[in-house]
Structures are given as C-alpha cells and as structure tokens.
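Taking it in order: structure first as structure tokens, then the write-up.
Lettering of chains follows the sequences in order, A, B, ..., and the numbering in each one begins at 1. The model shown is predicted, which means the values in this text are computed figures rather than measured ones.
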Amino acid sequence: MDLISNLALGFSTATTVTNLFYCFVGVFLGTFIGVLPGVGPLAAVAMLLPVSFYLEPTTALVMLAGVYYGAEYGGSIASILLNIPGTPSSSVTCIDGYPMAQQGRAGVALFATSVASFFGGVFGVIVMVLLAPRLAEFALLFQPAEYFSVMVLGLIAASIVSSSGVLRGLMMVCLGILLGTIGVDVNSGDTRFTGGVPELRDGVSLVVVAMGLFGISEVMVSLRGATKSYAGQNVRGRDIFPTRAEWRRSFLPALRGASIGSFFGTLPGTGQTVASFVGYALEKKVSPNKAQFGSGAIEGVVVPESANNAAAQTAFIPTLTLGIPGSTTMALMLGALMIHGITPGPRLISDHPDLFWGLVVSFLFGNFFLLVLNIPLIGLWVRLLRVPHYYLYPTVIIMICVGVYGISNSLTDVWATLAFGLIGYVLRLFRFEPAPMLIGFVLGPMMEEFFRRAMLLSRGDPMVFLERPGSAALLALGALLLCASALPIKSILRQLLKRA
Amino acid sequence: MMRRQDTISQIGPLIMLAAGLAFAFGAIATLELGSFRRMGSGAFPLMVGGILSLLAAIGLVQNLRAPMETGKADPIAVLGVVGGVASFAFFTPMFGVLPAAAIAVFATGSAIPGFRWPMRLALSLGVAIGVWLIFVRGLGMPFVAVRGL
C-alpha cells in the first residue's frame with residue numbers, strides 16, 4: 001500500500017504542467033547536446049546547471065535528470081552514424097551500430113536504440129522503486145563512522161575508473177577535497193585558504209569548478225580539432241522499422257542488458273560504460289546469433305543501449321539514498337540538490353517524498369518522451385551531425401559565461417571559471433583527469449563533517465573506523481577495490497570481449 | 001640522460017606535490033589543529049594535504065621509472081577561449097551582456113581555422129539574439145542586456 005500511495009504522490013508531482021514541460025525540455029536538450037560527439041552528459045548537465053537555479057528543486061532535478069539520460073541516448077546516435085561515440089558508454093554501440101549504418105540500415109539501428117533505451121530505462125526505474133526505499137531504511141542505521149567510510153569507498157571507486165591510473169585518480173580526488181575546504185569552516189567559523197579574497201568566504205562555487213574543468217577546458221581541447229562538416233546517411237521514415245524476426249531476437253537481449261545495467265548502475269564508480277561492455281560481452285557468449293556480432297547484429301545495439309539506460313536510472317539509487325554519487329554527473333546532481341538546500345541521504349525519501357517520488361515517476365515520462373521524440377526526429381539528429389562544429393564551440397563558451405554570470409551577477413565568477421578551465425587544461429595535458437577531482441570537491445565537505453563527528457563521538461579514538469563492523473566492512477571493500485585496480489581491468493574486459 | 005619530454009612529464013606530479021604541501025603547511029601555519037577529539041579547522045586539510053603530498057611523491061618516483069607521455073598543447077585554441085571569456089568579462093560592465101557576448105563569440109571564432117569573418121559576424125549576432133531570447137526574455141535573468149538602453 002505504501003508503494004502505491006508513494007507512486008500516486010509521485011504521479012501527482014510529476015504530472016504538473018511545469019514538471020512535464022521541463023522534463024520534455026531536459027530530454028530534448030540532453031539529446032540535442034548528446035548527439036554532438038565529444039559533448040557528453042556531464043558537459044550537458046554542467047552547462048544547464050545554472051539555469052536550474054531559477055526553478056523549484058523538484059523541477060530543477062527533473063530537468064537535469066532529463067538532460068542526463070537524454071544525453072546518454074543522444075550519444076548512441078553519433079555512434080551509429082559516424083562510428084564516433086557521443087559518450088564513453090555508447091562506444092560499444094559502435095561495434096554493431098556502425099556496420100548496420102554501412103549496410104544502409106541506420107534507421108533500423110536508431111529505432112532499435114530508441115526502443116531498447118526505453119525498455120532499459122523503465123526497467124531501471126522499477127528496480128529503483130523497489131530498491132531505493134529499502135536501501136534508505138538500511139542506511140538509517142549508519143553512524144558518522146559508516147558515513148565517512150562509505151564516502152571513502154565512493155572516492156576510491158571514482159579514482160579507480162580514471163584511465164590514467166589509480167594513483168593519478170587518487171591525487172585528483174585529494175585535490176578536489178582540498179578545494180572543498182576553501183572558505184569558512186562551519187564548525188569553528190575560521191576562514192580557510194581564502195588568501196584574503198572576500199568572494200571566497202563562501203567557498204568555491206560548484207558551478208564555477210564544473211564549468212571550468214569540463215566546459216572551458218573541453219572547448220580548449222576541441223576548438224581547433226573538429227572543424228569539418230559531418231555528412232550522415234539519409235534516414236527515411238519507412239526504413240526505420242525492424243523486421244518481425246528482429247523484434248523477436250531483441251526481447252531477451254534487452255532484458256538481459258537491462259538486468260546487467262541495473263546492477264552495475266548501483267555500484268559507485270562503474271556506471272554505464274562498464275554495464276554496456278559487460279552486457280555486450282555476455283550477450284556475445286549466450287546469443288544464438290553470435291557469429292553476426294561485430295558485423296551488424298541487432299542484439300549488439302539493443303544490449304548496450306538497454307544496459308546503459310538502465311544503469312543511468314539506477315545510478316540515482318546511491319546518489320539519492322546514501323548521498324554518494326556513483327559518477328561525476330551524479331556528483332553534479334548531488335551538488336544541484338545541495339544548492340537548493342536539500343541534503344541527500346537516507347532521510348531524503350522521508351523528508352522530501354514529493355521530490356523523490358516525483359523524480360522517479362518523471363523518469364518514466366522522460367523515457368517515454370525520449371521514445372516519442374526520437375523516432376520522428378531521427379532525421380533531424382542526422383542533419384544536426386552535418387552542422388560544422390565551428391558554430392558550436394563559440395556558442396558553448398557564451399552559454400557557460402552567461403550561465404555563470406547569471407547565478408549572482410558576478411564577473412569574478414566568470415574569471416574564476418576561466419582560471420579553472422586553464423587548470424583543467426593543464427592537468428589534462430599531464431594526464432590528470434578532472435572527473436575524480438569534482439567528486440572529491442562535492443564529497444569533501446561532508447566527509448570532513450562526518451570524520452570530525454566520528455572522532456568526537458569516539459573521544460578521539462581513530463580505531464572507531466575499524467571497530468564498527470559496518471565501517472570496517474566498507475573500508476575493507478575500498479582496500480579490495482584498490483588492490484583489484486592494480487589488475488588491468490580494462491584490458492581484461494577488452495580481452496573478454498574479444499574472446500567472447 | 002633524461003629526455004626533455006621525460007623531464008616535462010614530471011611537472012604534473014610536481015604540481016600535485018606543491019598543492020599538497022601548500023595546503024598542509026597553510027593549515028599548520030594559519031589554522032587551529034585542535035586535538036584528536038576536538039579537531040580544529042586545520043586538521044582535515046593537513047591530513048588530506050599530507051596524503052596528496054605522499055601520493056605525488058610516489059607519482060614522481062613512478063614517473064621517473066616509466067614517464068607518462070604528456071599531451072600536446074594548442075596555444076592558439078587556448079588563446080581563442082581565453083580571449084572569448086576575457087572579452088565577455090571585460091566588456092559586460094562597459095556595454096552590457098549582449099554586445100559582450102557578440103564580441104566574445106567573434107574572439108573565440110577567430111581561433112578556428114577556416115571560420116571566415118562574415119560567418120563569425122553572423123554567428124555573433126545570432127548568439128546575442130539567442131542569449132536575449134533564452135536568458136533575458138525566457139528565464140527573466142536580471143541582466144543589463146545593452147547598457148544605455
């Protein structure tokens with residue numbers, strides 16, 4: 001009964017005209033931005049973060065979530081038509097999607113992608129509805145030591161996915177935590193590391209860091225690299241429907257992909273990319289059509305898409321119920337919540353049921369919008385890929401500048417964004433990825449708070465983190481992850497994929 | 001003999017080492033460290049700064065044994081973006097957001113090869129109109145759109 005009344009509350013929140021409108025806007029803009037190669041969900045969410053400040057918290061989250069999974073879907077369009085993955089998680093879709101396009105079946109591949117994404121998304125939402133409240137109830141047993149340890153685990157998970165190695169990932173996490181200490185310390189009232197700059201008393205703004213690290217530095221990297229016009233294949237309306245045999249071949253792979261995606265989405269640090277890789281590798285092993293994989297098998301498009309969209313939904317479970325973002329995009333979502341004065345964690349569901357259940361139900365509408373929006377608009381996305389990129393990057397720069405300036409009409413923030421852009425660019429040159437830094441920046445202040453509280457409660461005994469079984473188990477898991485990261489996981493996955 | 005490229009690759013871990021030490025020493029010098037039970041405002045930054053310095057030192061040693069290849073900088077792209085953002089920040093107080101946005105687009109576009117000035121001009125005007133429609137009219141942001149109007 002509880003579940004039904006909660007879902008009813010969610011429906012009443014999600015179906016207001018404002019929320020439906022912003023859900024649609026988010027999904028549309030997300031797909032629009034995600035279609036462009038190199039601009040993924042992270043950049044899309046970062047760019048639209050300032051706009052969300054002008055909205056109610058629930059509406060803001062509904063829109064940003066729409067941008068997020070819209071961009072995830074949009075990424076697969078570039079994968080199929082250009083063999084350039086729009087997002088890392090859609091790189092697997094290239095393997096069979098592009099050969100399908102070469103065979104003149106781009107429309108079928110795009111249609112299958114839409115339906116598989118919808119299926120995976122809805123599957124992920126169902127898992128979220130069933131699992132999130134249970135996890136939140138369990139997390140209510142957590143004390144500061146467990147919270148600190150779960151954050152350590154989240155940060156380790158964030159650093160091991162760094163492609164330049166776990167050591168560099170950890171360094172970036174630490175740098176992010178340290179940046180988060182700038183400003184007034186809430187416990188003592190001391191001002192820390194502001195260098196006498198009054199604007200820094202409130203700390204460095206999340207938007208400034210995110211826009212600088214991911215927006216400005218991304219444009220610096222791409223500005224002169226992608227000036228040619230892309231010519232996609234023409235897709236006509238009647239060429240987009242799969243055959244009856246292909247429909248039959250797709251159902252079980254979509255189900256398997258969605259199950260795998262739902263599982264991996266809940267694990268911090270793994271997310272959609274691992275989900276789509278593992279889903280594809282497994283399908284290649286069990287499929288009766290394994291010989292066709294790599295040369296345009298429809299299962300090769302359906303599985304990664306249902307897996308990554310299911311993972312995109314279930315990634316919200318640890319973010320909303322534990323306050324631990326599984327990925328950098330989720331860290332931005334977490335930041336958006338906190339900017340609106342909402343503390344994510346196990347109490348979020350009970351304290352803000354309208355926000356949580358409204359968001360969950362909006363996912364259903366968002367996935368539906370994706371389906372009805374994308375099937376008729378496939379031709380539009382194809383044409384968008386032909387627009388020369390030199391129109392795009394100067395426009396992105398202005399979106400960032402106006403967005404940052406609009407938050408508090410402060411040009412200091414614009415200069416600070418530029419500074420973070422330069423820092424991000426230099427760090428990228430030296431193979432330091434900015435993503436773990438942002439997660440450290442978001443989690444750092446909460447982590448410090450729980451660390452100090454745990455030390456106070458234990459009367460200054462640091463052994464509290466090992467003596468409490470929950471905390472010790474989480475730290476042991478973190479240590480295990482660190483040891484496992486010494487193994488070349490990515491090359492093992494790739495070999496698995498090859499062997500399968 | 002170390003290659004020049006190998007020496008350059010050490011800069012990354014060195015930046016991290018400098019940042020870690022700066023925060024750690026900054027915490028010791030300017031903040032209260034407190035006790036284990038009641039930690040002061042400097043204790044946590046000192047701890048994390050120390051960990052970062054240690055990791056950076058390991059990174060330095062690791063990099064000496066197997067130098068990581070660094071990326072190639074593109075100064076013109078950097079100048080284009082810096083020019084665009086700086087133009088926006090510089091001209092907004094003088095002319096308002098819309099003219100500053102148009103100048104910034106023009107400046108950033110000048111770094112893109114093959115993007116001729118008539119096209120840049122057209123994009124500048126288009127973006128300024130877009131900013132007005134989305135941010136000023138649509139979202140009602142309290143900007144000075146054009147100073148003096």
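Within the 4.5 angstrom heavy-atom criterion, only side-chain atoms of I398(A), from C-beta onward, approach chain B. Looking at I15(B), only its side chain comes within 4.5 Å of chain A, counting heavy atoms on both sides. For V105(B), the parts lying near chain A are the backbone and the side chain together; criterion is any non-hydrogen pair under 4.5 Å. L55(A) does not touch chain B: none of its heavy atoms, backbone or side chain, sits under 4.5 Å away. Contact annotation for N187(A): neither backbone nor side-chain heavy atoms come within less than 4.5 Å of a heavy atom of chain B. At a 4.5 Å heavy-atom cutoff, the contact between V426(A) and chain B is made by side-chain atoms alone. Heavy atoms closer than 4.5 Å to chain A are found in the side chain of V127(B), but not in its backbone. Looking at I400(A), there are no atoms closer than 4.5 Å to chain B (heavy atoms on both sides), in backbone or side chain. In this structure, chain A has no heavy atom under 4.5 Å from any part of A128(B). Contact of T191(A) with chain B is made through the backbone alone, with heavy-atom distances under 4.5 Å. Contacts of I177(A) with chain B are made by side-chain atoms alone, with heavy-atom separations under 4.5 Å and no backbone atom involved. Contact of L55(B) with chain A is made through backbone and side chain together, with heavy-atom distances under 4.5 Å.
Residue I76(B) qualifies as open at atom CD1: its count of foreign heavy atoms under 6.0 Å is 12 or below. Within 6.0 Å of CG in D202(A) there are 12 or fewer heavy atoms belonging to other residues, nucleotides or ligands. The environment of CZ in R38(B) is sparse: at most 12 heavy-atom neighbours from other residues, nucleotides or ligands sit within 6.0 Å. Counting heavy atoms of neighbouring residues, nucleotides and ligands inside a 6.0 Å radius, atom CD of E56(A) does not exceed 12 of them.
No other option in L54(B), L123(B), I58(B) has as many heavy-atom pairs under 4.5 Å with chain A as L123(B). By number of non-hydrogen pairs under 4.5 angstrom with chain B, the leading residue of G444(A), G189(A), G180(A), G460(A) is G460(A). Per-residue counts of heavy-atom pairs under 4.5 Å with chain A were compared for G42(B), A56(B), G84(B); the largest is that of A56(B). Comparing L167(A), T181(A), L178(A) by how many heavy-atom pairs each has under 4.5 Å with chain B, the most go to L178(A). Considering only heavy-atom pairs separated by less than 4.5 Å from chain A, the leading option among G40(B), G114(B), A19(B), G34(B) is G40(B). By number of non-hydrogen pairs under 4.5 angstrom with chain B, the leading residue of G421(A), S188(A), C401(A) is C401(A). Your options are S35(B), A100(B), G109(B), P13(B), and the one with the most heavy-atom pairs under 4.5 Å with chain A is P13(B). Listed options V82(B), I51(B), V131(B) were ranked by heavy-atom pairs under 4.5 angstrom with chain A; first place goes to V82(B). Per-residue heavy-atom pair counts under 4.5 Å with chain A were compared for A73(B), G59(B), A104(B), A107(B), and the maximum is reached by A73(B).
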(request) Could you go through the side chain to side chain contact (heavy atoms under 4.5 Å, CB included) check for V97(B) and Y405(A) one step at a time? (result) CA-CA 9 Å; V97(B) 168; Y405(A) 177 61; 3.6 Å; yes
(request) Please assess E32(B) against D185(A) for the test side chain to side chain contact (heavy atoms under 4.5 Å, CB included), listing each intermediate value before the final yes or no. (result) CA-CA 11 Å; E32(B) 189 69 45; D185(A) 171 37; over 6 Å; no
(message) For F135(B) and M399(A): C-alpha separation, side-chain torsions, deciding distance, then whether side chain to side chain contact (heavy atoms under 4.5 Å, CB included) applies.
(response) CA-CA 10 Å; F135(B) 292 96; M399(A) 284 280 290; 4.2 Å; yes
(request) Quick one: do F143(B) and V402(A) satisfy side chain to side chain contact (heavy atoms under 4.5 Å, CB included)? Show the steps, please. (result) CA-CA 10 Å; F143(B) 290 149; V402(A) 177; 3.5 Å; yes
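Taking CZ of R120(B) as the reference point, atom OH of Y391(A) lies at 12.5 Å (rounded to 0.5 Å). Note that SG of C174(A) and CE of M47(B) are 9.5 Å apart. Values are rounded to the nearest 0.5 Å. The CG atom of D190(A) sits 9.0 Å away from atom OG1 of T30(B), with the distance rounded to the nearest 0.5 Å. Distance check: R452(A) CZ to M39(B) CE gives 8.0 Å after rounding to the nearest 0.5 Å. Atoms CZ and CG, on F90(B) and L411(A) in that order, are 11.5 Å from each other to the nearest 0.5 Å. Remark: F88(B) CZ to I397(A) CD1 distance equals 11.5 Å, nearest 0.5 Å.
I216(A) has its side chain within reach of V81(B): a pair of non-hydrogen atoms, C-beta onward, lies under 4.5 Å apart. Here the side chains of F36(B) and R459(A) are not in contact, with every heavy-atom distance at 4.5 Å or above. At least one side-chain heavy atom of M171(A) sits less than 4.5 Å from a side-chain heavy atom of L52(B). For the pair M16(B)/L175(A), a side-chain contact is recorded, criterion being any heavy-atom separation below 4.5 Å from C-beta on.
Taking every heavy atom of both residues into account, F115(B) and P394(A) meet most closely at CE2-CG, 4.4 Å. Residues L179(A) and F23(B) approach most closely at N-CZ, 4.4 Å, considering heavy atoms. Annotation for K72(B) and Y425(A): closest pair O-OH, 4.3 Å, computed over non-hydrogen atoms.
A donor-acceptor pair is defined here as one N or O able to donate and one able to accept, closer than 3.5 Å; such a pair exists between the side chain of R192(A) and the backbone of S41(B).
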